[in-house]
Amino acid sequence: MSENKMKIFSCHIVEKIYIFAVCTIVENMKAKIYGIFILVEAFFMFISSMVALYYNVHCGEKDVVSLLAATMITGIFGFILLSAGREKAKKDNESVKKIDNLTMKDSFVLVTVAWVLFAVFGMLPFIFTGAIDNVTDAFFESMSGFTTTGATIMNNIDSQPHGILFWRSVIQWLGGLGIIVLFLAIIPALNKKSNKTTLFSAEMSGLSVKKLHPKMAVTARHLYLIYMFLTVVCALVYWAGPMNLYDAVCHALTTMSSGGFSTHQSSIGYFNSSYVEYFCVLFMILSGINFSLYYFLSRGDVRSFLKNEEFRWFLGLIFVLVAIMTVLFYYAPNVQTIATDTSAYPEPTFESRFRAALFHVATTISSTGYQGSYYDYTLWGGLFLFPTLLMMLSGSCAGSTSGGIKIIRWMVCLKSIRITIKQFMHPNAVFTVKVSKEVVSNEILLRTLNFLFFYVIICVVSVIVFAITGCDFEESVFNTITSLSNMGPGYRSTGPATTFSDLTVTAKWVMSFLMLMGRLEIYTVLLIFTPTFWNKK
């Protein structure tokens with residue numbers, strides 16, 4: 001199939017998404033909830049339009065009309081869904097009582113469709129402003145933004161108007177803690193009997209949902225207030241350095257969301273500043289910590305913060321990896337068979353090597369994907385690739401904005417292996433897996449092992465698909481891991497020094513799907529594709 005035919009086919013796919021979404025939403029009588037979702041997106045799109053208006057007045061940029069048009073279309077569609085949901089409820093008195101009571105099935109469908117709808121409407125500003133000229137690339141950029149993957153097809157970021165670059169940053173911030181968490185935090189759209197915990201779990205499908213308050217809406221509100229506070233502090237710190245206010249705000253939005261979109265093609269390296277890189281590392285690490293721990297810290301419960309086992313593993317892993325990378329920067333340049341381009345290495349001083357190692361570890365393990373002054377790990381040689389791939393797979397803590405498998409799952413698996421070995425040695429003894437001195441139930445243990453199994457299977461199938469589209473093996477592996485872990489850069493032609501614009505149309509749609517699966521941690525998306533999920537019995 002030719003490239004043009006694939007583009008036409010992709011347009012038909014998006015059209016089908018619109019039709020399927022509208023029919024499914026209205027039929028399930030959840031249209032009012034989806035309508036509110038879309039109106040929230042339109043609100044943030046309007047803010048981006050106001051940024052564009054400011055730069056239109058002061059700099060003569062021309063994207064304000066296009067952004068306002070995208071805002072109007074998104075807002076109108078949101079109002080249509082909102083009205084359709086209310087009309088549907090009025091026609092059926094029984095529905096009035098039950099419309100907001102979400103079942104388990106409703107929650108998984110609602111979350112998945114909401115993320116797809118956000119990505120579909122989120123691509124309109126890219127198309128209307130001319131920043132991206134086709135549906136495939138626009139949807140890819142939008143999905144990459146909302147899922148905080150950070151993979152981009154833009155090769156001319158520095159020449160883009162301020163409004164569209166601000167929108168790129170906003171969509172990552174919206175997707176950072178999750179669209180549903182934002183919804184529960186600010187919109188009282190669900191009645192008191194609704195299963196908000198199920199809805200929350202469908203998006204944040206980690207090992208468990210940690211309630212900070214008996215009401216899940218209050219929990220979501222606490223998390224978002226912490227998120228907003230850290231974003232503001234990050235912006236102020238950036239602004240105190242070499243960044244102007246616009247760059248500071250945009251980079252704060254994409255740092256705390258672990259997104260990685262930048263207002264410059266060369267990312268953080270554009271500023272050529274040790275100040276920016278060190279503070280960027282700090283906030284990337286902060287974004288990788290479970291946000292529930294910040295709540296305990298704000299209440300004066302320092303003990304819960306410091307005694308959290310996953311947090312200690314996270315910091316320990318960073319320390320070990322930084323030490324390894326720093327040593328490799330000393331060792332690799334002296335081995336001709338390892339280093340492929342020594343000009344890509346940091347300057348031969350301890351500070352430069354340490355900073356390059358620290359930044360690379362922080363941006364990779366947090367799945368942010370920024371590029372610093374020294375960033376192209378594809379030129380550092382084979383010794384650097386395995387630690388990089390390990391960090392991409394690992395991710396940070398559960399309950400953070402980062403992607404990846406999450407450290408707590410690795411902890412559970414490693415401890416389970418240790419228990420199994422002990423069980424062989426002492427058959428009559430009873431052992432349990434504990435995390436932070438709490439026993440991990442067999443149900444959670446099984447769910448964790450199943451997650452890793454599904455992750456491996458999806459990776460194998462995806463690598464084969466990418467190979468069919470023309471990518472070599474190494475590129476296929478990195479493209480799979482970077483999209484499923486919501487990381488950003490890939491390898492070679494899709495590495496940190498390049499973009500994903502040269503991938504085929506099929507590969508871009510596959511990556512977009514993997515980004516969604518990775519952001520919703522596989523189960524939520526996978527379930528709606530199983531026949532038993534739709535079985536009415």
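- Between the Ser83 side chain and the Phe79 main chain, a donor and an acceptor come within less than 3.5 Å of each other.
- A heavy-atom distance below 4.5 Å is not found between the side chains of Phe140 and Ile132.
- The main-chain N or O of Asp137 is found under 3.5 Å from a side-chain atom of Asn134 such that the two form a donor-acceptor pair.
- Counting heavy atoms from C-beta outward, Phe500 and Ser144 have side chains that stay 4.5 Å or more apart.
- In this structure, Tyr294 has its ring center under 6.0 Å from that of Phe291.
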Checklist entry - How far apart are the C-alpha atoms of Ser400 and Asn290, what are their side-chain angles, what is the distance that settles it, and do they pass the side-chain hydrogen bond (donor to acceptor under 3.5 Å, both in side chains) test? => result CA-CA 5 Å; Ser400 68; Asn290 190 326; over 6 Å; no
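- Proximity of Tyr238 to Thr255: side-chain heavy atoms (C-beta onward) are separated by under 4.5 Å at one or more points.
- Applying the 6.0 Å contact sphere to CE of Met72 captures no more than 12 heavy atoms from other residues, nucleotides or ligands.
- No hydrogens or angles considered: a donor-acceptor pair under 3.5 Å links the side chains of His264 and Asp247.
- Side-chain N or O atoms of Gln172 include none that pairs as donor or acceptor with a backbone N or O of Leu253 at under 3.5 Å.
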Next on the checklist: Quick one, Glu310 with Arg409, criterion salt bridge (Lys or Arg N to Asp or Glu O under 4.0 Å). Give me CA distance, side-chain angles, the key distance, then yes/no.
Outcome noted: CA-CA 10 Å; Glu310 185 186 23; Arg409 288 193 175 99; over 6 Å; no
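- In summary, the side chains of Thr494 and Asn479 do present a donor paired with an acceptor at a separation below 3.5 Å, with no hydrogens or angles considered.
- Using a distance-only test at 3.5 Å, with no hydrogens or angles considered, no donor-acceptor pair links the side chain of Thr149 to the main chain of Ala151.
- No donor-acceptor pair under 3.5 Å is formed between the side chain of Thr112 and the backbone N or O of Val109.
- Between the Ser257 side chain and the Gly176 main chain, no donor and acceptor come within less than 3.5 Å of each other.
- Counting heavy atoms from C-beta on, the side chains of Pro161 and Tyr55 never come closer than 4.5 Å.
- With hydrogens and angles ignored, the 3.5 Å screen pairs a side-chain donor or acceptor of Gln265 with a backbone N or O of Asn156.
- Separation of atoms CZ (Phe513) and OG (Ser462) is listed at 9.0 Å; rounding is to 0.5 Å.
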Checklist entry - Could you walk me through whether Ser287 and Ser258 pass the side-chain hydrogen bond (donor to acceptor under 3.5 Å, both in side chains) check? => result CA-CA 7 Å; Ser287 72; Ser258 301; 3.0 Å; yes
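- Judged purely by distance below 3.5 Å, without hydrogens or angles, the side chains of Asn486 and Thr148 never pair a donor atom with an acceptor atom.
- To the nearest 0.5 Å, the span separating OG1 on Thr136 from CE on Met123 amounts to 9.0 Å.
- Residues Cys459 and Leu484 approach most closely at SG-CD2, 3.8 Å, considering heavy atoms.
- Thr482 places a side-chain N or O within donor-acceptor distance of the main-chain N or O of Gly488, the cut-off being under 3.5 Å.
- Taking 4.5 Å as the limit, every side-chain heavy atom of Arg519 sits out of range of all side-chain heavy atoms of Phe146.
- Side-chain contact between Cys234 and Leu236: absent, with no pair of heavy atoms (C-beta onward) separated by less than 4.5 Å.
- Checked by atom type and distance alone, the side chain of Ser402 pairs as donor or acceptor with a backbone atom of Ser396 at under 3.5 Å.
- Side-chain contact between Trp239 and Val249 is absent, with no heavy-atom pair separated by less than 4.5 Å.
- Aromatic ring centres of Trp509 and Phe139: separated by under 6.0 Å.
- Remark: Tyr370 OH to Thr363 OG1 distance equals 8.0 Å, nearest 0.5 Å.
- If you check the side chains of Trp173 and Thr254, you find no donor sitting under 3.5 Å from an acceptor.
- Tested against Phe37, the residues Leu110, Leu81, Leu117, Val113 include a single side chain to side chain contact (heavy atoms under 4.5 Å, CB included) partner, Leu110.
- In this structure, His251 has its ring center closer than 6.0 angstrom to the ring center of Phe271.
- A donor and an acceptor atom, one from each side chain of Tyr54 and Ser49, are nowhere located under 3.5 Å apart.
- Taken to the nearest 0.5 Å, the CD1 atom of Ile171 stands 10.5 Å off from the CE atom of Met143.
- One finds the CE atom of Met487 at 10.5 Å from the CD1 atom of Ile365 (value rounded to the nearest 0.5 Å).
- Contact of the Val510 side chain with the Thr480 side chain is not registered, since no non-hydrogen atoms from C-beta on lie closer than 4.5 Å.
- Looking only at atom types and distance, the side chain of Asp502 has no donor-acceptor partner in the side chain of Ser493 under 3.5 Å away.
- Taking a cutoff of 4.0 Å between a charged side-chain nitrogen and a carboxylate oxygen, Glu141 and Lys508 do not qualify as a salt bridge.
- In this structure, the side chain of Thr129 engages the main chain of Pro125 through a donor-acceptor pair within 3.5 Å.
- Residues Phe46 and Phe43 place their aromatic rings such that the two centres sit no closer than 6.0 Å.
- Using modelled atom types, one finds no donor on one side chain facing an acceptor on the other under 3.5 Å when comparing Thr506 with Thr504.
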